[in-house]
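Okay, so here's the structure we're looking at.
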Amino acid sequence: MTPLLAVILAPLAISLALFHSPAQGPNALPVLTTFIFLPVLAAFLTLWFSEKWAPWVNLFFASAQLGLALKVFFIYQTALGGYQFIEQFPWLESFGIHYALGVDGLSVPLLILVAVVYWAGVLVSWDTASRAKEYFIFFSLMTAGAAGAFVSLNLFFFFLFYELDILPMFLLIGIWGSGRKQYAATKFALYLVGGSALLLVGFLALYFTSGINSFDVRVLGDLAQTGFSPAFQNAWFPVLAVGFGVLLALIPFHTWSPDAYASAPTGASMMNAGVLKTLGGYGLLRIALPALPDGAKHWLPFFACLAVVNMLYASLVALKQKDIKYVVAYSSVAHCGYLVLGICALQTTGFSGASIQMFSQGILTAFAFGLVGLIENRTGTRQWEQLGGLSALAPVLGGLFMLNTMANVGLPGFSGFTAEFMVFLGSFRSGFDGGFPIFKILFPLAVTAIVIGAVYYLRLMQNIFFGPARKPSDAAVQDLSFREILPLAFLIVLSLAVGLYPKPWVDMVNSSVVPLIDHLGGFK
């Protein structure tokens with residue numbers, strides 16, 4: 001335990017002490033570049049160490065990255081708002097391609113999400129027995145891709161980092177996965193490459209139609225410079241929305257996600273469902289809506305209907321699953337519906353709720369998949385009907401799963417309640433206070449999905465952890481070790497922090513949401 005804490009606390013403390021201001025002068029630390037390339041450095045150094053030391057190397061750099069994310073969160077100037085920690089220099093200037101990084105109130109919480117899921121995923125994957133070096137290399141490269149996408153202010157680099165996520169995840173599922181892993185990996189790659197092709201076409205349409213020789217999201221979001229016509233916006237907004245919707249597992253483009261999540265190794269499931277899927281919602285708020293506001297107003301009621309279908313369909317399918325990991329996978333698909341519904345409300349509270357939901361869903365989904373992996377490691381099965389009585393044998397595991405159940409059913413005090421309450425309030429206001437009238441119908445249907453979610457999570461809790469042991473091997477189940485408790489405890493503490501005192505998080509996202517609503521002409 002002592003060496004483990006030393007490897008965590010030392011780089012964490014160093015990162016927290018490195019800088020004290022978001023100002024980026026000529027001699028300042030390039031914070032966001034460092035944030036991106038710490039996992040890349042971890043992957044490179046892992047090559048030179050033995051299998052035994054691979055998790056230690058990655059834990060060191062994951063802790064350093066987590067320290068940077070926390071420091072950015074603490075010193076981001078919410079009252080000032082806008083983009084901070086900006087780094088920019090020309091790359092291919094003749095094509096309007098600049099290496100431009102920055103964060104605002106939308107992306108700062110997502111830096112914490114990336115870093116904490118990477119850190120937790122390393123700890124959960126500690127005992128990877130087969131080809132551990134390669135596993136951690138791909139896991140770190142995938143993290144670097146997600147980190148880069150969340151801080152890129154240039155569409156070229158956003159797309160580049162997004163693509164960097166796909167290949168490592170394909171390999172993680174195909175090599176270290178379980179079940180129909182080859183099928184799941186291929187399906188994952190085909191769907192996401194198809195979605196990225198739509199995004200590439202959409203990005204090029206924005207670039208060439210604007211005529212301003214820039215891929216900068218700050219410029220493309222200024223209609224005074226781009227002059228996109230309403231007809232152009234109506235034609236191209238659904239292209240971008242579907243491209244990001246594939247990543248969000250929005251129906252009918254969702255079928256890749258349950259198989260990919262269920263077949264992936266635990267750490268990869270945490271990163272895939274907790275972080276990569278969040279990129280879809282982030283892309284809508286960062287790129288599609290600001291660049292094409294009239295197209296958004298035209299199409300958002302339609303995508304709101306898809307979001308509600310997502311919530312109800314995925315929740316009902318989750319009820320029928322016997323595999324715990326598939327239950328969590330379909331639950332993740334359902335919770336993406338809340339995120340999309342909040343965005344489609346085109347209302348300040350709904351946008352804020354969707355932004356908090358991106359962070360909350362990422363934390364809680366990673367938490368749930370981490371627990372499922374630990375259950376499978378101890379019992380040798382993911383079929384909940386074959387399990388029982390685990391709380392008496394592993395009380396810490398049972399207690400954490402109970403917290404997971406409470407958080408995922410939206411109990412007050414957890415981040416899920418804060419996010420979903422704001423999404424529903426925004427949806428209600430959009431429907432009844434002069435926004436989109438269709439929300440008068442969608443709002444009660446969306447609330448129904450919460451009830452269904454409570455049923456399948458409570459059923460899991462009851463069948464797995466209470467009653468008698470259902471097979472002889474259950475009697476030999478051991479409780480969690482300190483290394484296994486640590487990442488899960490940190491994830492649920494973060495959820496409680498947002499749920500019990502949401503003001504700093506809401507103020508931060510509002511510093512970006514309110515100007516975005518003003519730009520879109522949305523509903524207050």
[X]-[Y] side chain donor-acceptor pair, cut-off 3.5 Å:
X	Y	result
Ser332	Tyr261	no
Glu163	Ser196	yes
Gln357	Ser360	no
Ser269	Asn272	no
Ser257	Lys277	no
Lys320	Tyr326	no
Tyr191	Lys187	no
Thr46	Asn58	yes

If the plane angle is over 60° it's perpendicular, under 30° parallel, otherwise tilted; pick one for [X] and [Y].
X	Y	result
Tyr162	Phe158	parallel
Phe139	Tyr118	tilted
Tyr338	His335	tilted
Phe465	Phe401	tilted
Trp53	Trp56	tilted

- Task: Answer yes when Lys325 and Asp259 have at least one side-chain N-carboxylate O distance shorter than 4.0 Å, and no when they do not.
- Result: no

Is a donor on one side and an acceptor on the other found under 3.5 Å between the side chain of [X] and the backbone of [Y]?
X	Y	answer
Ser512	Met508	no
Trp256	Val246	yes
Glu484	Ser481	yes
Glu376	Thr381	no

- Can Ile112 and Val72 be said to form a side chain to side chain contact (heavy atoms under 4.5 Å, CB included), step by step? CA-CA 9 Å; Ile112 297 179; Val72 169; over 6 Å; no

- Task: Go through the steps for Lys133 and Glu51 under the test salt bridge (charged side-chain N to carboxylate O under 4.0 Å, His left out), then give the verdict.
- Result: CA-CA 5 Å; Lys133 288 176 63 172; Glu51 301 268 334; 5.8 Å; no

Can you give me the closest heavy-atom contact between [X] and [Y], atom names plus distance?
X	Y	result
Ile175	Lys181	O-NZ, 3.2 Å
Gly280	Phe244	O-CB, 3.6 Å
Leu486	Trp119	CG-CH2, 3.9 Å
Leu68	Ser15	N-CB, 3.6 Å
Ser495	Leu364	OG-CD2, 3.5 Å
Leu276	Ala146	CD2-CB, 4.0 Å

Should [X] and [Y] count as side-chain neighbours, where that means a heavy-atom distance under 4.5 Å?
X	Y	result
Ser107	Leu111	no
Leu400	Phe367	yes
Leu319	Tyr330	no
Asp127	Arg483	yes
Phe482	Leu5	yes
Phe490	Leu66	yes
Leu285	Ser355	yes
Leu123	Leu4	yes

Working to the nearest 0.5 Å, report the span between [atom1] of [X] and [atom2] of [Y].
X	Y	atom1	atom2	result
Ile36	Gln65	CD1	CD	9.5 Å
Asp479	Arg378	CG	CZ	7.0 Å
Thr418	Lys503	OG1	NZ	14.0 Å
Leu397	Gln478	CG	CD	12.0 Å
Ser427	Phe443	OG	CZ	7.5 Å
Asn310	Cys305	CG	SG	12.0 Å

- For side chain to side chain contact (heavy atoms under 4.5 Å, CB included), just list the numbers for Ile343 and Val340, CA-CA rounded to whole Å, side-chain angles, deciding distance to a tenth of an Å, and then say yes or no. CA-CA 5 Å; Ile343 294 174; Val340 176; 5.6 Å; no

- Derivation and outcome, salt bridge (charged side-chain N to carboxylate O under 4.0 Å, His left out), residues Glu385 and Arg459: CA-CA 10 Å; Glu385 290 183 326; Arg459 182 178 64 182; over 6 Å; no

- Task: Assess whether side chain to side chain contact (heavy atoms under 4.5 Å, CB included) is satisfied between Ile166 and Phe188, documenting all intermediate values.
- Result: CA-CA 8 Å; Ile166 297 177; Phe188 164 84; 4.1 Å; yes

- Before giving the answer on ring-ring contact (aromatic ring centres under 6.0 Å, His included), spell out for Phe150 and Tyr282 the whole-Å C-alpha distance, their side-chain angles and the decisive distance to 0.1 Å. CA-CA 8 Å; Phe150 282 127; Tyr282 177 77; 5.2 Å; yes

- Any chance the rings of Phe73 and Trp505 have centres within less than 6.0 Å?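 Centroid separation for Phe73 and Trp505: below 6.0 Å.
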
- Query: How about Phe439 and Phe428: are their ring centroids closer than 6.0 Å?
  - Reply: no

- Task: Would you please test Thr379 and Leu390 for side chain to side chain contact (heavy atoms under 4.5 Å, CB included) and show each step?
- Result: CA-CA 10 Å; Thr379 63; Leu390 296 189; 4.1 Å; yes

